[in-house]
Amino acid sequence: MTRAPLTALVLAAGLALAAPARAQNLPDLVTTDTLRVCADPGNMPFSERKGDGFENRIAAIIADELKVKLRYYWLTQGPGFVRNTLGTGLCDVIVGSAFGNELVQSTNPYYRSLYVLVSRHGTFEGLTGLDDPRLKAKAIGVIVGTPPVERMGAVGLVPTMKPYSPYQFDPARKYQTVSAEIVADVASGKLDAAVLWGPAAGWLAKEAGKQAGGLDLVPLLREPDRPPLTYRIAMGVRHGENEWKRILNTALRKRRAEIEAVLRDYAVPLLDEEENRLLPAEPKP
């Protein structure tokens, strides 16, 4: 998901290998003693310079599995992010990237999530989808260019939709991300609701709801497949770095339970790998 969650989503390495012969198969650009991560320094809950984001914690898990140091190359997400990070060879992996994103080569996906509707507690009791007539004529925030905009148009929500620019580059901005601004506007009553990428909205709503009497999140499980509102998230590496991708896939598989626990800690809505149903609140033992 990223500062503009899945706008075309939307969304942040190297290693010491046990056998020197295996290292020779790695492309020249991949550093072999350090996990070099491309990340946004101010994009909570995904990543932050202080290391507070869930992608920071996942990167630390992978570095531990590979027995290497962890180092970041920081760049604010926006147009040209992949070109100026992976593309320059200054870092080797983007921790959160939509599976199948053509700008990168994807690892196996390590979670699946979806867009959600955020509202003040009790405002839309029992709501299950964007076609609920109670949403008509309501001020609903959404990030321009994200998949829900098309669906909102199909169900007649555009006339009172409140569009937000996908990027914030003003250093004097009040909120770290656009998603944080939108959630704050829901909490304050400026918006009746918002439709946001779930991995961003879960943590932001929990934080903002502490001063707003609570915010409700409705996972949009019933929406049509076109446009898709569910996405698989993988790590992104440079095209052609197949051995590096396989190494990351192995690490992701071995540490899957720990990674899932991190995602749950940050209130990321997790979906079954195939069906549009939420995973149980607690994983099976």
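We're numbering straight along the sequence, starting at 1. Here the structure is a predicted model, which means the values were calculated and not measured.
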For [X] and [Y], indicate whether the former's side chain and the latter's backbone hold a donor-acceptor pair under 3.5 Å.
| X | Y | answer |
| --- | --- | --- |
| Thr250 | Arg246 | yes |
| Asp216 | Ser119 | no |
| Ser47 | Gly53 | no |
| Asp40 | Gln77 | yes |
| Arg36 | Arg71 | no |
| Tyr110 | Thr107 | no |
| Thr31 | Thr34 | no |

Is any side-chain heavy atom of [Y] closer than 4.5 Å to one of [X]?
| X | Y | answer |
| --- | --- | --- |
| Leu191 | Lys162 | yes |
| Arg57 | Leu263 | no |
| Asn249 | Trp244 | no |
| Trp197 | Ser179 | no |
| Leu252 | Asn108 | no |
| Ser97 | Ile233 | no |
| Leu117 | Leu135 | yes |
| Phe81 | Leu75 | yes |

If I compare all heavy atoms of [X] with all of [Y], which pair ends up nearest, and what's the gap?
| X | Y | result |
| --- | --- | --- |
| Leu70 | Val37 | CD1-CG2, 3.6 Å |
| Gly236 | Val104 | CA-CG2, 3.9 Å |
| Leu114 | Pro199 | O-CD, 4.2 Å |
| Pro219 | Leu278 | CG-CD1, 3.7 Å |
| Thr85 | Cys38 | CB-CB, 3.7 Å |
| Pro269 | Val116 | CG-CG1, 4.3 Å |

Discussion item. Apply side chain to side chain contact (heavy atoms under 4.5 Å, CB included) to residues Leu221 and Leu271 and explain how you reach the verdict.
Written reply: CA-CA 9 Å; Leu221 295 164; Leu271 289 180; 3.5 Å; yes
Could you work out, with side chain to side chain donor-acceptor pair (under 3.5 Å) as the rule, every residue matching [X], not counting sequence neighbours?
| X | result |
| --- | --- |
| Arg256 | Glu273 |
| Arg277 | Asp272, Glu275 |
| Glu274 | none |

Kindly compute the distance separating [atom1] ([X]) from [atom2] ([Y]), expressed to the nearest 0.5 Å.
| X | Y | atom1 | atom2 | value |
| --- | --- | --- | --- | --- |
| Leu270 | Tyr111 | CG | OH | 8.5 Å |
| Asn101 | Ile94 | CG | CD1 | 8.0 Å |
| Gln105 | Leu248 | CD | CG | 10.0 Å |
| Arg255 | Ile61 | CZ | CD1 | 6.5 Å |
| Leu103 | Leu86 | CG | CG | 10.0 Å |
| Asn43 | Trp74 | CG | CH2 | 10.0 Å |

Practice prompt. Kindly say whether the aromatic ring centers of Phe46 and Phe54 come within a distance under 6.0 Å.
Written response: yes
Discussion item. Does either side chain, that of Gln176 or that of Glu48, offer a donor lying less than 3.5 Å from an acceptor on the other one?
Written reply: yes
Under 3.5 Å, sequence neighbours excluded: what are the donor-acceptor pairs made by side chains of residues 122-129?
from: Thr123; atom 1: OG1; to: Arg120; atom 2: O; distance (Å): 2.7
from: Thr128; atom 1: OG1; to: Arg222; atom 2: NH1; distance (Å): 3.0

All N/O donor-acceptor pairs, side-chain side in residues 151-161, below 3.5 Å, sequence neighbours left out:
from: Arg151; atom 1: NE; to: Glu223; atom 2: OE1; distance (Å): 2.6
from: Arg151; atom 1: NH2; to: Glu223; atom 2: OE1; distance (Å): 3.2
from: Thr160; atom 1: OG1; to: Lys138; atom 2: N; distance (Å): 3.4
from: Thr160; atom 1: OG1; to: Lys138; atom 2: O; distance (Å): 2.7

Discussion item. Does Leu204 form a side chain to side chain contact (heavy atoms under 4.5 Å, CB included) with Met44? I'd like the steps, not just the answer.
Written reply: CA-CA 8 Å; Leu204 290 169; Met44 284 295 286; 5.7 Å; no
Practice prompt. Begin with the C-alpha distance, continue with both residues' side-chain angles, and end with the deciding distance and a verdict on side chain to side chain contact (heavy atoms under 4.5 Å, CB included) for Arg112 and Tyr231.
Written response: CA-CA 6 Å; Arg112 181 169 176 252; Tyr231 291 87; over 6 Å; no
Item to complete: Check the pair Tyr167 / Thr76 against side chain to side chain contact (heavy atoms under 4.5 Å, CB included), numbers first and verdict last.
Response: CA-CA 10 Å; Tyr167 303 110; Thr76 299; over 6 Å; no
Worksheet entry | Transitive ILVMFWY side-chain link Leu279 to Leu220, under 4.5 Å | yes
Worksheet item: salt bridge (charged side-chain N to carboxylate O under 4.0 Å, His left out) with Arg49: which residues, sequence neighbours excluded?
Response: none
Worksheet item: When you check the gap from the basic side-chain N to the acidic O, do Arg264 and Glu260 get nearer than 4.0 Å?
Response: yes
Worksheet item: In this structure, are over 12 heavy atoms from other groups packed under 6.0 Å from His121 atom NE2?
Response: no
